[in-house]
Amino acid sequence: MKNSKKTKKGLIVGFFFAALFAGLFSSCEKAVAAKEDPESMKVYGESEAEMTAPPFVPRPVGKRAATKLIVNMEVIEKEMEMSDGVTYVYWTFDGTVPGSFIRTRVGDEIEFHFKNHPDSKLPHNIDLHAVTGPGGGAESSFVAPGHESVFTFKTMNPGLYVYHCATAPVGMHIANGMYGLILVEPEGGLPPVDKEYYVMQGDFYTEGENGERGLQAFSMEKAVNEDADYVVFNGKVGGLTGDNALTAKVGETVRLYVGNGGPNLVSSFHVIGEIFDKVYVEGGAMINENVQTTLIPAGGAAIVEFKVEVPGNLVLVDHSIFRAFNKGALGILKVEGEENPKVFGGKIEEKVYNPGTSVSGVTEEATEGGLSAEMSMAEKMERGKQVYTQNCLACHQATGAGIPNAFPPLASSDYLNKDVHRAIEVVKFGLTGEIQVNGNVYNSAMPKQNISDEDVAAVLTYVYNNWGNNKSEVTQEMVKKVK
């Protein structure tokens, strides 16, 4: 009798665990199916999307349940600064270039309210590469000035996607700044990091040449020929330098959401002084590791992550390098914190290197004061031009004009002309921090130039005797005295 009761009790317990296991297995199957089929994901509640202007991004949303997300976006046509003294009438999403960052998660039901400001001159629409549907939403969002269009879509695929205007002529609307990024996080979200930033490259085509002052009009001819006057991050020259520089601290992990609005040029995105620990290739699920430079097509995106181990200014560039130093595709990530000599020790020694010349020969050429014989003015100018071309031209340009908002001009420079000894000091020892030149503030880094006193004297003499400067002659003795 007792054995019968035990058997019955055992059967009941067995059936209970079998049912529990079956239920768990069934719920797991449903969860897997939901992940594979976002269309069937249940939507919970309703909320308004947090929208941020570049370079900032909204808070992560991937860990919440799928929801009905209300997105509000407005087209605004307005005149803004392209470069120092140069303005342009941008066509924008939410008044910035790129437009607001949109952050969603897979399975969200998006209700998109697309508005065109009454002051706009033209109709516009939006094509979101994250949308599965006709025109990426372009057909449903086409709207005249002073009107609003509302359409819906489901976020089916996780990834980082470009959005842009697709009103004809499409290239012209994109070239005038109508692009941005939408992130669809995977279920559960992306791994946490310390800092996240929004960077987007674009190429611009103006009637005037690069740096030509005043309000510049769009040039269709240059756009068709892919002859960009400006290639920039976040809509303007200096969009990520000076007060607009990104920031981080030593030891932090940084994630950059990088897009390329185009309309024409492919980006070779690189951060000077860092290696990408991870690259989400083309903004998708495939992750590459230990990458130096990543290719981002026009109309494409990538997510890059890296940990910053040492302090200093890391330089963001399009490594099609003349675009960086001559057309504006340059930004700064300013890293603060303690030095880490195990990772980067910096210079530990400097020696004279003179191949093919004996030490005794060098001594014979030197004067009693330990200096080489002073060159004539003509010799200085010739030598100074060579040194300038090799060491200075990339940042300060062949005409001494500099790069607006990045590197100060040497032409007609009040900073140089006021104090020759200070100029010598900058070339010999470098300069970091904010300075004012010709009424404009610059905050970039000038590294120490590892050249001889003779070459310092020559290059400064060349600079002072060109481009409207005060025609000072710098001697080796003057250079030697600056310590």
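Residues: numbered from 1 along the sequence shown. Just so it is clear, the model here is predicted, and its values are computed rather than measured.
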As an exercise, state the distance from [atom1] of [X] to [atom2] of [Y], rounded to the nearest 0.5 Å.
| X | Y | atom1 | atom2 | result |
| --- | --- | --- | --- | --- |
| Glu454 | Met375 | CD | CE | 4.5 Å |
| Ser120 | Lys115 | OG | NZ | 13.5 Å |
| Leu265 | Phe204 | CG | CZ | 11.5 Å |
| Met172 | Thr167 | CE | OG1 | 11.5 Å |
| Asp455 | Gln476 | CG | CD | 9.0 Å |
| Tyr90 | Glu79 | OH | CD | 10.0 Å |

Is there a donor-acceptor pair closer than 3.5 Å between any side-chain N or O of [X] and the backbone N or O of [Y]?
| X | Y | answer |
| --- | --- | --- |
| Lys195 | Glu252 | no |
| Asp229 | Thr206 | yes |
| Asp194 | Thr253 | yes |
| Asp127 | Cys165 | no |
| Tyr198 | Asn234 | no |
| Asp94 | Glu74 | yes |
| Asn469 | Leu410 | yes |
| Tyr161 | Ala301 | no |
| Lys334 | Ala245 | no |
| Asp227 | Lys222 | no |

Derivation of the side chain to side chain contact (heavy atoms under 4.5 Å, CB included) call for Leu333 and Val271: CA-CA 9 Å; Leu333 173 62; Val271 176; 5.5 Å; no
Residue of the set Leu246, Ile332, Thr241, Ile272 for which side chain to side chain contact (heavy atoms under 4.5 Å, CB included) holds with Leu316: Leu246
Single hit among Val231, Leu330, Val317 for side chain to side chain contact (heavy atoms under 4.5 Å, CB included) with Arg323: Val231
Please determine whether the number of non-hydrogen atoms from other residues, nucleotides or ligands lying under 6.0 Å from atom [atom1] of [X] exceeds 12.
| X | atom1 | answer |
| --- | --- | --- |
| Phe344 | CZ | no |
| Asp243 | CG | no |
| Ile275 | CD1 | no |
| Glu309 | CD | yes |

With a 4.0 Å cut-off, would you call [X] and [Y] a salt bridge?
| X | Y | answer |
| --- | --- | --- |
| Glu185 | Lys63 | no |
| Glu77 | Lys121 | no |
| Arg103 | Glu50 | no |
| Arg59 | Glu196 | no |
| Lys249 | Glu336 | no |

Taking all non-hydrogen atoms of both residues into account, name the closest pair between [X] and [Y] and its distance.
| X | Y | result |
| --- | --- | --- |
| Ser268 | Ser320 | OG-OG, 3.9 Å |
| Ile424 | Val479 | CG2-CA, 3.9 Å |
| Val75 | His124 | CG1-CD2, 3.4 Å |
| Tyr230 | Glu212 | OH-N, 4.3 Å |
| Val254 | Ala248 | CG2-CB, 3.9 Å |
| Leu314 | Val308 | CD1-CG1, 3.8 Å |

Geometric class of the Tyr163/Phe93 ring pair [parallel <30°, tilted 30-60°, perpendicular >60°]: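 Perpendicular: the ring planes of Phe93 and Tyr163 meet at over 60°.
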Plane angle bin for Phe269 and Phe233 - parallel if under 30°, tilted between 30 and 60°, otherwise perpendicular: perpendicular
Ring center gap for Trp467 and Tyr462 short of 6.0 angstrom: yes
[Y] versus [X], side-chain donor and acceptor atoms under 3.5 Å:
| X | Y | value |
| --- | --- | --- |
| His319 | Gln292 | no |
| Ser472 | Asn470 | yes |
| Tyr205 | Asn264 | yes |
| Tyr88 | Asn176 | yes |

Side-chain touch [X]/[Y], heavy atoms, less than 4.5 angstrom:
| X | Y | value |
| --- | --- | --- |
| Arg255 | Tyr257 | yes |
| Val456 | Val482 | no |
| Pro311 | Glu338 | no |
| Thr294 | Val281 | no |
| Lys380 | Glu473 | yes |
| Asn210 | Asn326 | no |
| Asp203 | Pro263 | yes |
| Tyr179 | Val97 | yes |

Test side chain to side chain contact (heavy atoms under 4.5 Å, CB included) applied to Asn466 and Met381, step by step: CA-CA 10 Å; Asn466 273 297; Met381 291 294 288; 3.8 Å; yes
Derivation of the side chain to side chain contact (heavy atoms under 4.5 Å, CB included) call for Asn465 and Met377: CA-CA 10 Å; Asn465 284 269; Met377 185 66 175; 3.4 Å; yes
Residue pair Phe112, Ile126: steps toward the side chain to side chain contact (heavy atoms under 4.5 Å, CB included) verdict: CA-CA 10 Å; Phe112 206 108; Ile126 188 167; 3.9 Å; yes
